[in-house]
K.L.:
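Have a look at this one.
Chain A is the first sequence line, chain B the second, and so forth, proteins listed ahead of strands; every chain is numbered from 1.
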Number of protein chains: 2
Amino acid sequence: MDTVKRTKRFTRIDCNTGCPVEGALEQIAGKWKGLVIYHLMSQTLRFNELSRRVGSVTQRSLTKQLRELEADGIVSRKVFAVVPPRVEYSLTDKGAALAPVIRALHAWGSTHPRT
Amino acid sequence: MDTVKRTKRFTRIDCNTGCPVEGALEQIAGKWKGLVIYHLMSQTLRFNELSRRVGSVTQRSLTKQLRELEADGIVSRKVFAVVPPRVEYSLTDKGAALAPVIRALHAWGSTHPRT
DNA sequence: ATCCATTTGGCCCCTATAGGCAAAAATGTT
DNA sequence: AACATTTTTGCCTATAGGGGCCAAATGGAT
């Protein structure tokens, strides 16, 4: 039934069950996650700094995206017990490891815009 | 207001307006698109072959995903005027150019599974 | 005549995701 | 006492994406 005859024109990637490509996409496919990760690649940022850079995102939505990224271990959230509150977001090692992905995505996106 | 002081720990990528990274993600972030692109990277496939490989996807949904990929110029659809119908899907040049992205995604996804 | 195989489309529903709006908390400043 | 600052949350609504189910089209096989 699943007797697959694979040609090998591209690097062989095992992707049969629980595909790592799918898993990766699920983690970074939020509407603003790309931008967030990109901005955090250059530097640690506070909530409002991030908000200003990303631009048209609602604080509500940004918070959600950050929570998800945090839950997936991509960004780390450091809270300082001061008033007014100071919360710094940065990439974890796992998040920083996304740099090649973001770069590949960027290279492709630049040369192949959406129509 | 936007006087940003950028450190340069990573390759500089301009991502300020209409980020290419975002654009790229929007095009490949469907639930099954990763798998579809992956499978088409190795070879041209007919609808049912694709369906069997992807596994648990509904024909309905697979059709939708393929239509979107086609609309974005990532896959090409070749129909043969025979009965029963024969439709072959393959990657366009634009789609084939995604290989580095898929590989980066795969590399990251393999070493950094979701929890 | 009937059934099978292959691919797609239509209609409706369900859930996930995003956005709007405003409050809450804590404290130094005026 | 009243206010500004920074971040997060609650509640509600709008929109998008994915899935179920079934029909259509067509010629060869039974």
K.L.:
Could you write out each protein N or O paired with an N or O of nucleotides 11-13 of chain C at a distance under 3.5 Å?
P.N.:
unit_1, atom_1, unit_2, atom_2, d
dC11(C), N4, Arg60(B), NE, 2.9
dC11(C), N4, Arg60(B), NH2, 3.1

K.L.:
For Lys64(A) and Gln59(A), test the side chains for any donor-to-acceptor distance below 3.5 angstrom and give the result as yes or no.
P.N.:
no

K.L.:
Just compare dT8(D), dT6(D), dT7(C) and give me whichever is closest to any side-chain atom of Pro85(A).
P.N.:
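That would be dT6(D).
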
K.L.:
Do NZ/NE/NH1/NH2 and the carboxylate oxygens of Glu70(B) and Arg67(B) come within less than 4.0 Å?
P.N.:
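A salt bridge is present here (some side-chain N lies under 4.0 Å from a carboxylate O).
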
K.L.:
Does Ser76(B) reach the main-chain N or O of Thr92(B) with its side chain, forming a donor-acceptor pair under 3.5 Å?
P.N.:
no

K.L.:
Is it the case that the side chain of Glu22(B) and the backbone of Leu35(A) share a donor-acceptor pair, with hydrogens and angles ignored and the cut-off at 3.5 Å?
P.N.:
yes

K.L.:
Is any side-chain heavy atom of Asn48(B) less than 4.5 Å from a side-chain heavy atom of Arg46(B)?
P.N.:
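A side-chain contact is absent here, since even the closest heavy-atom pair is not under 4.5 Å.
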
K.L.:
Check whether any side-chain nitrogen or oxygen of Tyr89(B) sits under 4.0 Å from OP1 or OP2 of dT8(C), and answer yes or no.
P.N.:
yes

K.L.:
Expressed as a whole number of angstroms, how long is the span from Leu62(B):CG to dG9(C):P?
P.N.:
12 Å

K.L.:
Which of these nucleotides, dT6(C), dT9(D), dG19(C), is closest to any side-chain atom of Asn48(B)?
P.N.:
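Side chain of Asn48(B) sits closest to dT6(C).
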
K.L.:
Search all heavy atoms of Thr44(B) against all heavy atoms of Glu49(B) and return the closest pair with its distance.
P.N.:
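Taking Thr44(B) first and Glu49(B) second, the nearest heavy atoms are O-OE1, 4.4 Å.
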
K.L.:
Any carboxylate oxygen within less than 4.0 angstrom of a Lys/Arg side-chain nitrogen, looking at Lys33(B) and Glu68(B)?
P.N.:
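Yes, this pair counts.
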
K.L.:
Using whole Å, what does the distance between atom P of nucleotide dG18(D) and atom CD of Gln59(B) come to?
P.N.:
17 Å

K.L.:
For Thr58(A) and for Thr63(B), locate the closest nucleotide of DNA chain C by heavy-atom distance; then report the residue assigned to the nucleotide nearer the 5' terminus.
P.N.:
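Its nearest nucleotide lies further toward 5', so the answer is Thr63(B).
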
K.L.:
Report yes or no: does Ser110(B) contribute a side-chain atom to a donor-acceptor pair with the main-chain N or O of His106(B) at less than 3.5 Å?
P.N.:
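Present.
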
K.L.:
Quickly work out the Glu68(B) CD to dG9(C) C1' distance and round it to whole Å.
P.N.:
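Going from Glu68(B) (CD) to dG9(C) (C1'), I get 15 Å.
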
K.L.:
When the distance from CD of Gln65(B) to C1' of dT8(C) is rounded to whole Å, what number comes out?
P.N.:
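In whole Å, dT8(C) C1' lies 15 Å from Gln65(B) CD.
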
K.L.:
Can you find a heavy atom in the side chain of Leu66(B) that is under 4.5 Å from one in the side chain of Leu50(B)?
P.N.:
yes

K.L.:
In whole angstrom, what separates Leu66(A)'s CG from dT17(C)'s P?
P.N.:
15 Å

K.L.:
Please give, in whole Å, the distance from dT6(D) P to Leu50(A) CG?
P.N.:
15 Å

K.L.:
Check the distance between dT15(D)'s C1' and Glu26(B)'s CD and give it to me in whole angstrom.
P.N.:
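Whole-Å distance recorded here is 15 Å.
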
K.L.:
What's the CD-P distance between Gln27(A) and dA16(C), to the nearest Å?
P.N.:
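So the two atoms are 18 Å apart, to the nearest Å.
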
K.L.:
Return the residues of residues 76-84 of chain A meeting this criterion: a heavy atom under 4.0 Å from some atom of DNA chain D. Order them by number, or give none.
P.N.:
Arg77(A), Pro84(A)

K.L.:
Side chain of Lys31(A) only, heavy atoms from C-beta on: which candidate in dT8(C), dG19(C), dG18(D) is closest?
P.N.:
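Side chain of Lys31(A) sits closest to dG19(C).
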
K.L.:
From dG19(C), dT7(D), dT7(C), pick the nucleotide closest to the side chain of Arg46(A)?
P.N.:
dT7(D)

